[in-house]
Amino acid sequence: MSEGTVSRQLAEAARRFPGRLTLVATDGTLTLAELERRSNRCARALRSLGIQPGTRTVLMVKPGVDFLILSFGLIKAQAVPVLVDPGMGWRHLGKCLAEAEPAAFIGIPLAQAARRLLGWARKSIEISVTAGGRPLLGGVSFPRLMMSEWDDSALPEPQPDTAAALVFTSGSTGPPKGVIYTHRMFAAQARFLKELFHIQDGEVDLATFPLFGLFDPGLGMTTVFPEMDFTRPGKVDPRKIVAAIRDTGATHMFASPALLKRVGPYAREHGIGFPGLRRVLSAGAPVSRKVLEEFSRLLAEEAEVHTPYGATEALPVCSIGSRELLAETGTAAGKGVCIGLPLPGVKLWLIQISDDPIEAWSDRLLVPDGEVGEIVVAGPNVSQAYYGRPEANRLAKIQASDGGVLHRMGDVGWRDERGRIWFCGRKSHRVITPTGPLFSVAVEGIFNHHPAVLRTALVGLGHPPGQIPVLCVELEDKHAWKGSQALGDEILQLGATHPAGRQIRAALFHHAFPVDIRHNAKIFREKLARWAEGRLRGKLDFVA
């Protein structure tokens, strides 16, 4: 595929395959030529309202025809779309928008009403456009705006290193932060995805994560937006996802683990398979062994589930397929989760773990293979800065000797003899005991194999370096633990043969872990630690 902006990739695809469907959604369809023409007109219409190059513009429109036209229209107008996941909740969303200081807001009537009621970015927003309904208390109607006879020729291309979007992190492991995406970064991500997964021209993508649809024209894929609430993938109706896969001939699907967990059991119970899917990508949260096994059985023999590793700041970084990952699972207890090799073009280092800023790179920071360290990455798909967050930049960015910027992922892991990376958890989730640190995902992997366990979470009580490690446990059967200390003892015995697991002296059963809304998988361990401390207050001598 050619380099350049995603808008240039769309223009080239429209020239080559004008009549090919590029979008199938519940509100209509678009061919490549229609998307190219209408997004060009949209860019000029937005410019007429004052949305100029660099104008930060909130986009809160449901995935569909208007979403794709507006997304490409904003890119072509060289505006900076502000992309915030509504699943993070109204409070976090309001803080993100206040921080972004957008000058324009494009949204459906519900989003416009919420903006006015809750006062989102009240001081900075000057331009309001309503899509999918009539404007509320002023502003411009997007359908009416598009009725004007705008020129449908393309505007000049943006420069590769100018800002293309402001994408906020989920906020599941700290305050949400706005990541500055450049046009070069978007193009690199698209190229890496195409090369890594061998995506072929003419494929069909079931995009349950809407932003992936922006890559599809350049990847040669048709985007399908199924009928679902995209902010709640864990609540999808599996029948609608199954129907969308079958009816559209989908060959590719990007889905959160929570969605796979809903669809997999339904398909198995009804004897449904997906022989047309060539690959499934699942990211955003760890994918359990059970989900991988169950969904893999629904695919053709040559197809598999891929679990790319990365973050909003850097994606993708590593990737591994389900066959290789499941082959490691039986011997991986206590080691963490294998996330595969770094992608060609991505550099990855493991350095000494620190919570302090690192001003400049030095090879003396490196740890040897086999030792757990902090993950640091660099590449054309890696962001250079957060917006308006100088302290976050100090903590997460390292100046390289060649003038570039390295990104600290905030994760810890180690490199095996084959060069693969093993993820051991978030740096902020490590428990620092008098005998050394324990790493959340590595320790939890020891206990998650118990058949009664849905998931576990390692938390530390007290202050480093004297923290007491406690295991919180959520069971498959929420009531199985009642009246039975034996089950807790049985779970703890799993750690007897592991140095890390042997340090756990208490297992507390929790009815339902506090988790992120979107993925239902990122555990809020800080909340669990406060809960565990309350349960064990006055009993710490017992568990120490």
Side-chain angles (χ1 to χ4, degrees), residues 169-174 257 283-289 307 309-311 318 325 328-329 332-339 350 352-355 367 371-375 408-414 421-450 453-475 491-492 494-495 498-510 512-516 519-533 536 543:
T169 61
S170 66
S172 59
T173 55
V287 188
S288 72
R289 181 172 187 259
T307 55
Y309 163 77
C318 299
L325 185 55
E328 291 286 354
T329 303
K335 296 182 179 180
V337 176
C338 186
I339 55 177
L350 292 158
Q352 299 160 26
I353 300 171
S354 171
D355 294 315
V367 301
E371 184 177 319
V372 176
E374 183 179 340
I375 300 173
R408 302 168 73 178
M409 295 291 287
D411 296 328
V412 294
W414 58 280
I421 306 302
W422 290 69
F423 172 72
C424 294
R426 293 290 291 171
K427 180 174 67 173
S428 61
H429 292 158
R430 71 193 192 280
V431 176
I432 305 176
T433 75
T435 58
L438 298 176
F439 304 106
S440 58
V441 171
V443 171
E444 291 156 12
I446 300 169
F447 302 96
N448 286 344
H449 290 291
H450 192 287
V453 169
L454 174 63
R455 54 189 166 189
T456 59
L458 174 72
V459 299
L461 307 190
H463 302 284
Q467 287 185 300
I468 299 168
V470 173
L471 189 73
C472 299
V473 181
E474 184 178 350
L475 299 174
I491 291 170
L492 288 177
L494 283 176
H498 296 270
R502 208 178 296 140
Q503 297 186 53
I504 311 298
R505 292 293 181 269
L508 299 179
F509 295 102
H510 193 283
F513 284 177
V515 294
D516 67 298
H519 299 290
N520 189 33
K522 293 181 179 179
I523 301 167
F524 294 137
R525 288 175 174 81
E526 295 82 0
K527 292 182 179 180
L528 279 179
R530 292 193 293 270
W531 169 81
E533 191 168 1
L536 293 173
V543 299

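We count residues from 1, following the sequence as given. The figures here come from the full heavy-atom set of this structure, side chains too, leaving out hydrogens, waters and symmetry mates.
Annotation: the span from Arg430 atom CZ to Ile353 atom CD1 amounts to 6.0 Å, rounded to 0.5 Å. The CG atom of Asp411 lies 3.5 Å from the OH atom of Tyr309; values are rounded to the nearest 0.5 Å. Here the CE atom belonging to Met409 is positioned 11.5 Å from the CD1 atom belonging to Ile421, to the nearest 0.5 angstrom. One distance of note links CD of Glu444 with NE2 of His429; it measures 9.0 Å at 0.5 Å rounding. Atoms CG and CZ, on Leu454 and Phe513 in that order, are 8.0 Å from each other to the nearest 0.5 Å. The structure places CZ of Phe447 at 7.0 Å from CG of Leu494, a figure rounded to the nearest 0.5 Å.
In this structure the side chain of Arg426 never reaches within 4.5 angstrom of the side chain of Arg525, judged on heavy atoms. Counting heavy atoms from C-beta on, the side chains of Leu508 and Leu536 come closer than 4.5 Å.
Taking every heavy atom of both residues into account, Ala283 and Pro257 meet most closely at O-CD, 3.6 Å. Residues Trp414 and Cys424 approach most closely at CD1-SG, 3.5 Å, considering heavy atoms.
Remark: His450 pairs with Glu490 by the side chain to side chain donor-acceptor pair (under 3.5 Å) rule, at least two apart or across chains. For Thr307, the side chain to side chain contact (heavy atoms under 4.5 Å, CB included) partners are Val287, Leu292, Ile320, Leu325, not counting sequence neighbours. Residues passing the side chain to side chain contact (heavy atoms under 4.5 Å, CB included) test with Glu371, sequence neighbours excluded: Val367, Pro368. Listed by chain and residue number, Glu526, Lys527 satisfy the side chain to side chain contact (heavy atoms under 4.5 Å, CB included) test with Arg530 (two or more places apart in sequence, or in another chain).
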Run the side chain to side chain contact (heavy atoms under 4.5 Å, CB included) test on Phe423 and Val441 for me, step by step, so that the C-alpha distance in whole Å, both residues' side-chain angles and the decisive distance to 0.1 Å come before the verdict. CA-CA 7 Å; Phe423 172 72; Val441 171; 3.6 Å; yes

Between Ile375 and Leu350, is a side chain to side chain contact (heavy atoms under 4.5 Å, CB included) present by the stated rule, with each step listed? CA-CA 5 Å; Ile375 300 173; Leu350 292 158; 3.6 Å; yes

Name every donor-acceptor pair, under 3.5 Å, that has one atom in a side chain of residues 456-473 and the other anywhere in the protein, sequence neighbours excluded.
residue: Thr456; atom: OG1; partner: Asn448; partner atom: OD1; Å: 2.7
residue: Gln467; atom: OE1; partner: Ile432; partner atom: N; Å: 2.9
residue: Gln467; atom: NE2; partner: Gly462; partner atom: O; Å: 3.4

